[in-house]
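Please read the structure below before turning to the comments.
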Amino acid sequence: MVYNHQDIEKKWQRFWAENDIYRTEADPSKPKYYVLDMFPYPSGAGLHVGHPLGYIASDIVSRYKRLKGFNVLHPMGYDSFGLPAEQYAIQTGQHPAVTTEENINRYKEQLDRIGFSYDWNREVRTSSPQYYKWTQWIFMQLFNSWYNHDEDKAESIDKLIEIFSREGNKKINAACDDDIELFDAFFWNKLREEQKQEILLKYRLAYLKESTVNWCAQLGTVLANDEVVNGVSERGGYPVEQKKMMQWSLRITAYAERLLQGLNEVDWPEPLIEMQRNWIGRSEGAKVRFPIPDTDKKIEVFTTRVDTIYGASFLVLAPEHEWISQLTTISQKEEIEAYVAAAGKKSELDRMADTKTVSGAFTGAYAEHPLTGKRVPIWISDYVLASYGTGAVMAVPSGDQRDYLFAKHFDLPIVAISDAQDISEQADDTKKGKYINSDIINGMSYQKAVATLVSTLEEKGLGEATINYRMRDAIFGRQRYWGEPVPVYFKNNLPYLIDEKDLPLLLPEVDKYLPTESGEPPLGRAENWKYKGEFEYEKSTMPGWAGSSWYWFRYMDPKNTESFASEEAIKYWKDVDLYIGGSEHATGHLLYSRFWNKFLKDLGFHNEEEPFKKLINQGMIQGVSSFVYRIVDEEGVGTNKFVSFGLKDQYRTTPIHVDVNIVHHDKLDLEKFKNFRPEFKEAEFILEGGEYICGHEVEKMSKSKYNVVNPDDIIEQYGADTLRVYEMFLGPLEQAKPWNTNGIDGVNRFLRRVWALFHDQDGKWAVSDAEPTKQEMKSLHKIIHKVEEDIERFSFNTSVSAFMICVNELTEQKCNKRAILEPLLVVLQPYAPHITEELWAKLGHEPGTISQAVYPVFESKYLVEDEFNYPVSINGKLRTNILMGLDWDQQKVEETVLANKDIVKHIGDKKVKKIIFVKGRIVNLVV
RNA sequence: GCCUAGGUGGUGGAACUGGUAGACACGCAGGACUUAAAAUCCUGUGACCCUCAAAGGUCGUGCGGGUUCGAUUCCCGCUCUAGGUACCA
């Protein structure tokens, strides 16, 4: 019987589903292992061959860990709220829920064909009310919490109210809005309910505030910082402008320090950790206040170089700074207003593109230098960003290149502050040398100067050491339809949570998915949509990342109606041991998830500071586009003649993308090409060696480039097992690589050889119960050891190679012995589950047990000692070229060889060709 | 500019803590089976030199140095590629 992948794979996939083979239950008698894939957004295009790469890797790890006796949680679900379904709904009127359902079904079908070991009983969909009920519920907890910096955790808002009514807010060290005013208990207790709510809103972790947001007019919504890339929207690439709006935000900045510290305890790729560090952007420095004479105002600046304070010859405010209009003198009013208006009109993109030209305007006002008391002019310029620090800087032209250019341009004083500085051509930010022109720190070194200045400023009440973070609070509202409704209603213009009993707050039906005529979000179209028939609901919905910020908890207990996951389930499954997904989520999903995880920990729902202990970024699989070369006539018009790649230089040609599915090994299938597009029906070809050879190029996989390879086609032709093994064989998991099918035949051949081991030349089942030879045992144990080692370090490509070697060796030895083949199937099962299931069942085992049961293959009794261990090199460390990885007694071997230096001819059964000595030590044995 | 990762045959890639560089696979060449093709199997395959052959030699992991008995691996400088990030004070 030949290996028929189509029948075998269908048969086992059905068997697994019908018998619920991969069902997982919490089982305290077994150690748990949680393997998570970043769940997909089910787009209309379906899966291409790049998507399953990470899923295959995680599936291999899952199956392997099961074999090792772990209780493995390996779920899959859908991040099913999102823009494309809504855009489609706007165009067609089709409800996004319908589109989403269809797409999910298609995804499920495609995923099932690859043979994953997901427990589909645990599937989650972020857009289902049973799921988003709990997303809303977590939002309510955020609304009901504040961040206590003294305890370094989130606490209930009730506790805050209690403190307010007892002693006001003077002793509170909270994460809050920066316009807080201090009050005592007496003041608080006298306030009306609305006034209290207004103040509390400034402390809540989910809060509503007038803030500058990234507004994308084309998408009709605001975007979070991580959703804006290079000044345009991440989705669609539309322009984004700054706009002031009342917006829901999450106070993620309260967690900045913990988010940073947590990075030290996770096992993540270094680039990703670095990205998050940069995004959080911690910088140590000082806040310094420059008083404005004749007022009680002080301009606060943030600087990382207080030591240069004596070189501060002017202040610069961002054009958006809120005091500008008050500061500006009458004579400067016109100029300033013109500048502010011009800066406001500039898009983020323009502002970034033009960093060379120096521009700015003088307000006419002066501040007082906090240490020298000298008059310091106040300027505005767009090189100062409103969103960073305090939106104002003290300009030190001698130490900062931007300040230097500004000073040169507007002829402002440049004061050297160190004797080691060279400021003739440009600013010099050296910390070396002795300070000059710097009064109290003259002659000091950097460290001492900073300490002296900070204490002096603190004494005067004009500054203090501080830590500034680049990260901003996360804008949480979206003016969209297809997202979770925010469980909030308004009374007297103030937000209140709906009753927990009323969760989930269902997404209402609307007639169209567009904003209302009055500019309200689509939910404004819902008729009679009022809380208790009376109060207006919040009309914006949650952003795409809301549902994905806690989903790994839901998999632990997906059907729970009492809580987001039961205490027992969380206690057992704890956290994600291995998380596999793309690096594009570095500053979005992965940051927000860590934030929600820490928040839920603070509330006592679990005990893990970090949700994802180990994380792997699978590399992107790019497409390889194929080209045919159409001959162009004198006028430059394309003919219907196509010339093969090697001969194209003899003609005038234009390259045309051709569907990669009709090209194999760069050779074009001429008949299929003629049917590719009607215009090619009568195509003629100039061949080389009887073949038409195509050119190729690596590009991103996309429909328009005809280079999308669909896993279904590969599975149809070669089978899911081949696809799985081949994707692993392609190269290191974390590396980006182009898809090509050039090597797939080799992998397919390997699987057929596995099949052939169990059959004789006529294709009849032929497995013997004979005792294996030492040679055969050696081949087997090499692979067992190698697979274990490779999976532990996520080096899947090398174990595929090892499998090939193993099968070649066994084939050569004509080994058809059960004692060898049975364990071989077990270790191969994670990579190729279908073919191994089939052979496993034929060996007389209960179907399904291979992927379910713990098999003692990895236990030591299967590892035979000593006799397989041959040293190859001896020098403190061992290399085993003959046998991979098995331990051997180094000292013993070394002693033996040294004692018999002249007569050693064999080690084990290997002939020693050469003993290499260096300085009397054996460095290497050539065998 | 800054941060991070990387540069190995015709190709994808091995070489895990410094120890025979190029495993495994693709491709290519030759052969077997076949009327023929496909499939399958066998042999060869880094470059160069030498040899009828066996054998042997030299060079070789982006470039230039260094440490070492020995470097793809460690150190210094440069260069190129990919990803991230940027008036962040």
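Naming convention: chains lettered A, B, ... in sequence-line order (proteins, then strands); numbering from 1 in each chain. Side chains included, hydrogens not; waters and symmetry mates left out as well; all remaining heavy atoms used.
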Which of the following nucleotides, [options], is nearest to the side chain of [X]?
X: A:Lys737; options: B:G13, B:C16, B:A86; answer: B:G13
X: A:Glu274; options: B:C26, B:C3, B:A89; answer: B:C3
X: A:Ser801; options: B:C24, B:C87, B:A89; answer: B:C24
X: A:Arg752; options: B:A15, B:A86, B:U40; answer: B:U40

What integer number of Å spans the [atom1] atoms of [N] and [M]?
N: B:U85; M: B:C76; atom1: C1'; value: 27 Å
N: B:G13; M: B:G22; atom1: C1'; value: 10 Å
N: B:G65; M: B:A86; atom1: C1'; value: 34 Å
N: B:G44; M: B:A25; atom1: P; value: 13 Å
N: B:C24; M: B:A15; atom1: P; value: 14 Å
N: B:G66; M: B:U61; atom1: P; value: 15 Å
N: B:C33; M: B:A38; atom1: P; value: 15 Å
N: B:U72; M: B:U17; atom1: P; value: 15 Å

Worked verdict on A:Asp721 versus A:His5 for side-chain contact (heavy atoms from CB on, under 4.5 Å):
CA-CA 8 Å; A:Asp721 286 337; A:His5 64 83; over 6 Å; no
Just checking [X]: base, sugar-phosphate only, or nothing, at a heavy-atom cut-off of under 4.0 Å?
X: A:Phe729; result: base
X: A:Asn808; result: sugar-phosphate
X: A:Gln735; result: sugar-phosphate
X: A:Arg277; result: nothing
X: A:Arg753; result: sugar-phosphate
X: A:Pro732; result: sugar-phosphate

Specify the residue among A:Met804 and A:Asn797 whose closest nucleotide of RNA chain B lies further upstream toward the 5′ end.
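Comparing both residues, the 5'-ward one is A:Asn797.
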Let me know, please, whether A:Ser283 or A:Pro271 comes out on the 5' side of the other along RNA chain B by nearest nucleotide.
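Of the two residues, A:Pro271 wins.
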Are any side-chain N or O atoms of [X] and backbone N or O atoms of [Y], one a donor and one an acceptor, separated by less than 3.5 Å?
X: A:Glu734; Y: A:Gln618; answer: no
X: A:Asn278; Y: A:Gly281; answer: no
X: A:Arg724; Y: A:Gly719; answer: no
X: A:Tyr404; Y: A:Ile423; answer: yes
X: A:Lys764; Y: A:Asp762; answer: no

How long is the line joining [atom1] of [X] and [atom2] of [N], in whole Å?
X: A:Glu789; N: B:A14; atom1: CD; atom2: P; answer: 14 Å
X: A:Lys431; N: B:A89; atom1: NZ; atom2: C1'; answer: 13 Å
X: A:Arg282; N: B:C3; atom1: CZ; atom2: P; answer: 19 Å
X: A:Trp379; N: B:C87; atom1: CH2; atom2: P; answer: 23 Å
X: A:Glu809; N: B:A23; atom1: CD; atom2: P; answer: 15 Å
X: A:Glu270; N: B:G84; atom1: CD; atom2: P; answer: 17 Å
X: A:His409; N: B:C87; atom1: NE2; atom2: P; answer: 20 Å
X: A:Glu812; N: B:U43; atom1: CD; atom2: C1'; answer: 13 Å

Quick check: do A:Val316 and A:Ile380 have side-chain heavy atoms less than 4.5 Å from each other?
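Side chain of A:Val316 against side chain of A:Ile380, heavy atoms only: no contact under 4.5 Å found.
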Any idea if B:G27 is syn or anti, going by the 90°-from-0 cut?
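You should classify B:G27 as anti.
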Stepwise side-chain hydrogen bond (donor to acceptor under 3.5 Å, both in side chains) test for A:Tyr831 and A:Ser799
CA-CA 10 Å; A:Tyr831 288 81; A:Ser799 42; 2.5 Å; yes
Runs of at least three Watson-Crick or G-U pairs with RNA chain B, cut-off 3.5 Å:
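Paired runs of 3+ in RNA chain B: B:1-7 with B:79-85, B:10-12 with B:24-26, B:27-32 with B:40-45, B:46-49 with B:56-59, B:62-66 with B:74-78.
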A:Tyr726 and A:Phe729 aromatic ring geometry - parallel, tilted or perpendicular at 30°/60° bounds:
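Because their plane-to-plane angle lies in the 30° to 60° range, the rings of A:Phe729 and A:Tyr726 count as tilted.
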